[in-house]
Asker: 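For reference, the structure I am asking about is given below.
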There are 2 protein chains.
Amino acid sequence: MKLSQVSANKVDKDSVIPIYYQLAKVFEKMIYSGNLNPGEKLTPENDIADHFKISRMTVRKALSELIDDDLLYSEKGKGTFVAKPRLDNVEFELQNFREEIKKRGMEPNPKLLKVKIKRANNEMSKKLHIKKGTKCLDFSLVISADNEPLIYEDKYIVYSKHKPILETELKDPSLSNLAMLHGNHYPVMSKMVLNASKADKNVANKLNIKKDAPVFVIEQTLFDSDKKPVGWGRSICRGDKFKFTSFSGWSKNNDNSKDKRGFEYE
Amino acid sequence: MKLSQVSANKVDKDSVIPIYYQLAKVFEKMIYSGNLNPGEKLTPENDIADHFKISRMTVRKALSELIDDDLLYSEKGKGTFVAKPRLDNVEFELQNFREEIKKRGMEPNPKLLKVKIKRANNEMSKKLHIKKGTKCLDFSLVISADNEPLIYEDKYIVYSKHKPILETELKDPSLSNLAMLHGNHYPVMSKMVLNASKADKNVANKLNIKKDAPVFVIEQTLFDSDKKPVGWGRSICRGDKFKFTSFSGWSKNNDNSKDKRGFEYE
DNA sequence: GAGTGGTCTAGACCACAGT
DNA sequence: CTGTGGTCTAGACCACTCG
């Protein structure tokens, strides 16, 4: 990179907008516009600082923003370089379903099918690493929106408290909320596994779809700080209503890629 | 947080390990061990700096590491606080399939079924925003590992160069590589959509599974810097062989969560 | 040895919270 | 008002890379 390329851009030291932020935008723009190409070496930090008459630490703050965004990378002793867009490395985001549905302007309507205290059977004892017969809370529900069933959920919480189940707390029937309210230990870690599957007769009936229709199956296990499972749940989502979308690489406009990414339903 | 809690911990100024890193580990440990609880306010930066006899900027560097990791958050004028673990917000990662397969110690074996120049039909003109009849490159392949077919792929590249297709480049048959080698414009943005579906007769045959067996369908569109599509591909992955796994929240050991996360096959 | 990024310092001023 | 985090400076020394 030649400094003459950036000389058209300047930073306003008296602006309320931080200098490092302005500077980061200058470089970001140059990358997105093709003024700065993948692999190209940037002017050294010291020279940038001199050119803009700012401190090197401020330059570093600007560059580190872009390094965090994977637009740049630096190599000790060598320099800072423009990165290649990582087109094949994407992330699919998933919040809890109520939030995902709300984000799309619809009102999630969870309907509790059952809540009961159940003694662990084979599957539960395996999933929760507990002995068969241990008392668990068993929740089962369907989440709908616009009068259409979307998700069928089954959840188990290792249980010993004798706390009543309140109407209000069923407004957030996420596994983590249920575990925090009713479990013995506070969950601090979550494992999720996403599978493609097809609806069995029972699920098809609950979700108002045909048997063998494609579904996403998402299993979640919650662990306490000792890595012991405290809760397990399985959510079955209609394949015709849900999809994951993700963007990666560079986008010219200021990319709130977070907004365009995630678990969608249509 | 009381400073007496941290006084047992110290940082070694003469270590080769950066002070900010040592300090970050101190706080990280306190959070994971329950010594510091969600919502709790940290000692002010100035006090931490005084206590460890280091510069405030170094303290800030340490804290910003933990803020990046979502272990802390700060509020201007108020203080820095311990965050709650976000158990219901996960990310499923997906690299390109050859990397995913390699990462699991197996050798991906892509087999090209066809490569040809094709004039855009209805679907292609829709996906690539081009007129029907425009020349495209059409690739179709099956990726196997351990002599088992895993993924069936169909890809189209908007094409005008007359460049020969070399054996070597088929070693990386990812859409982005093909687009870079044969497309007219350099791709800088990628959109991926993940669906649950079932195998049709043709795919079932190619992947050696039953018709209607569950599959993941991943569509990828590549765009150039003008947001014009330059390539489109669809990968169909056997549902019995692939799953996504993701961890979130806190894990006591130094969490290389990246290693435990992503698109797995078993 | 010269160039580069990584770390660190000891100050400074600001905007914002809560009192 | 005081306390807090956010920004910024003008230096410094180091480890690394490369010719």
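In what follows, every heavy atom counts, from backbone to side chain, and hydrogens, waters and symmetry copies are set aside. Naming convention: chains lettered A, B, ... in sequence-line order (proteins, then strands); numbering from 1 in each chain.
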Asker: Mind calculating the distance between NZ (B:K41) and C1' (C:dA17) to the nearest angstrom?
Answerer: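 Rounding to the nearest Å, NZ of B:K41 and C1' of C:dA17 are 11 Å apart.
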Asker: Is it true that A:E100 and A:K102 have a side-chain N and a carboxylate O under 4.0 angstrom from each other?
Answerer: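 Salt bridge absent between A:E100 and A:K102.
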Asker: Taking atom NZ of A:K243 and atom CZ of A:F92, what is their separation to the nearest 0.5 Å?
Answerer: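 The NZ atom of A:K243 sits 11.5 Å away from the CZ atom of A:F92.
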Asker: Below 4.0 angstrom, N of the basic side chain to O of the carboxylate: do B:R60 and B:E45 qualify?
Answerer: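 Salt bridge present between B:R60 and B:E45.
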Asker: Would you kindly give the CZ-to-P distance between B:F81 and D:dT4, to the nearest whole Å?
Answerer: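 About 10 Å, once rounded to whole Å.
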Asker: Please state whether the phosphate of C:dT9, meaning OP1 or OP2, lies under 4.0 angstrom from any side-chain nitrogen or oxygen of B:T58.
Answerer: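 For B:T58, the contact criterion (side-chain N or O under 4.0 Å from OP1 or OP2 of C:dT9) is met.
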Asker: At under 4.0 Å, does any side-chain N or O of B:R60 touch on OP1 or OP2 of D:dG5?
Answerer: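 No, no such contact exists.
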Asker: Round to the nearest Å and state the distance from A:I19 atom CD1 to D:dA10 atom P.
Answerer: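 It is 10 Å, rounded to the nearest whole Å.
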Asker: Does the side chain of A:S55 get closer than 4.0 angstrom to OP1 or OP2 of D:dC8 through an N or O atom?
Answerer: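 No.
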Asker: Consider the side chain of B:M57, meaning its heavy atoms from C-beta on, and name the nucleotide among C:dA10, D:dT4, D:dC16 that approaches it most closely.
Answerer: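 Nearest to the side-chain atoms of B:M57, counting from C-beta on, is C:dA10.
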Asker: Could you tell me the separation between the CG atom of B:D47 and the C1' atom of D:dT4, rounded to a whole number of Å?
Answerer: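 After rounding, the reported distance stands at 10 Å.
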Asker: In whole Å, what is the span from the CD atom of A:E45 to the C1' atom of C:dG6?
Answerer: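 Taking CD of A:E45 and C1' of C:dG6, I get 8 Å after rounding.
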Asker: Starting at the 5' end of DNA chain D, which residue's closest nucleotide do you reach first, B:S74 or A:K53?
Answerer: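 Whichever sits nearer the 5' end wins; that is B:S74.
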Asker: May I ask which nucleotide in the shown strands pairs with C:dA17, Watson-Crick or G-U wobble, both distances under 3.5 Å?
Answerer: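 The base-pairing partner of C:dA17, which may sit in any strand shown, does not exist here.
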Asker: Hey, which sits more toward the 5' end of DNA chain C by its nearest nucleotide, B:G77 or B:Y20?
Answerer: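 First, find each residue's nearest nucleotide; the 5'-ward one identifies B:Y20.
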Asker: So if I take every side-chain heavy atom of B:R56 and compare against D:dG6, C:dT9, D:dT4, which nucleotide ends up nearest?
Answerer: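 Nearest nucleotide to the side chain: D:dG6.
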Asker: Does a side chain donor of either A:D88 or B:Q220 reach within less than 3.5 Å of an acceptor in the other side chain?
Answerer: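 Yes, B:Q220 and A:D88 have a side-chain donor paired with an acceptor closer than 3.5 Å.
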Asker: Starting from P on D:dT9, measure out to CD1 on A:I48 and report it in whole angstrom.
Answerer: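 Checked: the CD1 to P distance equals 14 Å.
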Asker: Using atom CD1 of B:I67 as one end and atom C1' of D:dT7 as the other, report the distance to the nearest whole Å.
Answerer: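 Value for this atom pair: 14 Å.
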Asker: Calculate the interatomic distance between A:K61 atom NZ and D:dT7 atom P; express it in whole Å.
Answerer: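 A:K61 atom NZ is separated from D:dT7 atom P by 5 Å.
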Asker: Nearest to the side chain of B:K78, which nucleotide is it out of C:dA17, D:dC8, C:dT7?
Answerer: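 In terms of side-chain proximity for B:K78, the closest of C:dA17, D:dC8, C:dT7 is C:dA17.
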Asker: Just compare C:dA10, D:dA15, D:dG5 and give me whichever is closest to any side-chain atom of B:P44.
Answerer: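 Between C:dA10, D:dA15, D:dG5, the one nearest the side chain of B:P44 would be D:dG5.
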Asker: Heavy atoms from C-beta onward define the side chain here; which of D:dT9, D:dG5, C:dC8 lies closest to that of A:K13?
Answerer: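 From the listed options, D:dT9 comes nearest.
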Asker: Between the side chains of B:S174 and B:N96, does any donor sit under 3.5 Å from an acceptor?
Answerer: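 Not at all, the side chains of B:S174 and B:N96 share no donor-acceptor pair under 3.5 Å.
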Asker: Heavy atoms from C-beta onward define the side chain here; which of D:dT9, C:dC8, D:dT7 lies closest to that of A:P18?
Answerer: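 That would be D:dT7.
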